[in-house]
Each structure stands twice: as C-alpha cells, then as structure tokens.
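Reading through the structure tokens given below for one structure.
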Amino acid sequence: METRLEYSFEDEVANRFCYDMQNKKIEIHFSGYYDVLTNQYINKNCILVIDNWTIAKSKLSSESFFHDLDSHIGVIGMILSMQRSKTTFELTVNTVDNRYIDLWFENSQVKLQD
C-alpha cells in the first residue's frame, strides 16, 4: 500500500548532493519544494534526507533488475518521482551526467529538514 508523501520536488533542480555510504545517508539539497498538504510551493532551502536503510538498490531506469546502490549512484540533479510504502521508498532521478536511475530503499527513514 502506497503512503502519501507530504512534499514533492517536481521541476526542482538539486543544489547539492551528499552520499555517506558508511553511515547509510543521502542528502539532497533544494531551494524549495511543493507542499502537497497545503497545495502550494514553499520557497525556502530544504534538505531531503534518506538514511538508516537496511537494503538499498539501484538500476538504470531502462534495466529490469536492481543491483547494489553503488552500481549506479550518481550526483542527483532532479527527482522525477517518489513513492513510499509501509517498508519501501522508491525514487526515479536524473543525474547531472543525464542518466535516469531508479533507487530503492527498504526500511529507510525519510525526512525533510530546513
């Protein structure tokens, strides 16, 4: 069952991307986001944080099978879509070197920070 996310980053270009593989943490910085609950754009710096996952996988969007996260991770330029279920979090992203990548996380914590 899909869980509704409270924010979206459609058409937002990432300002900064940080991947700490030892501590299982990804930070994607933006200059704003779309608040789904209030149906309005919030023009302030924020950080999407994904961390503490038990399993993380990645694949090129054109591929059928997922591999280890490090196989396809790249500097994220845009988040194209996000889906959340009870135990998983999935993103389709475009990297700065113009690759389309699907990321899949199991049991991750996902939060939006100021």
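Please read all numbers here as calculations on a predicted model, not as lab measurements. Below, each value reflects all heavy atoms present in this structure, side chains not excepted, and no hydrogens, waters or symmetry copies.
- For S58 against I101, the heavy-atom pair with the smallest separation is CB-CG2, 4.3 Å.
- Put simply, CZ on R84 and CG on L5 are 7.5 Å apart, with the number rounded to the nearest 0.5 Å.
- Between C46 and G32, the shortest heavy-atom distance links the atoms SG-O, 4.0 Å.
- Within the 3.5 Å criterion, the main-chain N or O of E106 finds a donor-acceptor partner in the side chain of T54.
- Residues Y7 and D35 form no side-chain contact, since every pair of their non-hydrogen atoms from C-beta on lies 4.5 Å or further apart.
- With salt bridges taken as basic N to acidic carboxylate O contacts below 4.0 Å, one links D51 and K111.
- Two residues are said to be in side-chain contact when any heavy atoms from C-beta on lie closer than 4.5 Å; Y19 and I73 meet this criterion.
- Closest non-hydrogen pair, F17 versus V75, comes out as CD2-CA, 3.8 Å.
- In the hydrophobic clustering of this structure, L60 groups with F105; members are Ile, Leu, Val, Met, Phe, Trp, Tyr whose side-chain heavy atoms approach within less than 4.5 Å, directly or through other members.
- Between W104 and I55, the shortest heavy-atom distance links the atoms CZ3-CG2, 3.7 Å.
- Using a 4.5 Å cut-off on side-chain heavy atoms (C-beta onward), L112 and I47 make no contact.
- Between the side chain of R99 and the backbone N or O of H72, at least one donor-acceptor pair lies under 3.5 Å.
- Both I26 and V110 are part of a single hydrophobic cluster, where members link through side-chain heavy atoms under 4.5 Å apart.
- Put simply, CE on M78 and CG on L91 are 13.0 Å apart, with the number rounded to the nearest 0.5 Å.
- Residue N45 comes nearest to S31 through the heavy atom pair OD1-CA, 3.4 Å, listed as atom of the first residue, atom of the second, then distance.
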Requested in this report: Starting from the C-alpha separation in whole Å, work towards a yes-or-no answer on side chain to side chain contact (heavy atoms under 4.5 Å, CB included) for K24 and N52.
Outcome: CA-CA 6 Å; K24 296 183 177 182; N52 296 320; 5.7 Å; no

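- Rounded to the nearest 0.5 angstrom, W53 CH2 and Q109 CD are separated by 11.0 Å.
- Linking Ile, Leu, Val, Met, Phe, Trp and Tyr whenever their side-chain heavy atoms come within less than 4.5 Å leaves I76 and V13 in two separate clusters.
- No more than 12 heavy atoms of other residues, nucleotides or ligands sit less than 6.0 Å from atom CD of E10.
- Side-chain contact of Y33 with E6: a donor-acceptor pair under 3.5 Å is absent, judged by distance alone.
- A donor-acceptor pair is defined here as one N or O able to donate and one able to accept, closer than 3.5 Å; no such pair exists between the side chain of D68 and the backbone of D70.
- F30 and Y41 are not part of a single hydrophobic cluster, where members link through side-chain heavy atoms under 4.5 Å apart.
- Connection of F66 to L103 is not established within any shared hydrophobic cluster, with ILVMFWY side chains joined at heavy-atom distances below 4.5 Å, either directly or through further cluster members.
- For the pair N23 (side chain) and K25 (backbone), a donor-acceptor distance under 3.5 Å is absent.
- From N15, atom CG reaches atom CD of E12 across 8.5 Å, with rounding to the nearest 0.5 Å.
- Of all heavy-atom pairs spanning S108 and F89, the tightest one is OG-CB, 3.7 Å.
- Checked by atom type, the side-chain pair S61/D102 shows a donor-acceptor distance below 3.5 Å.
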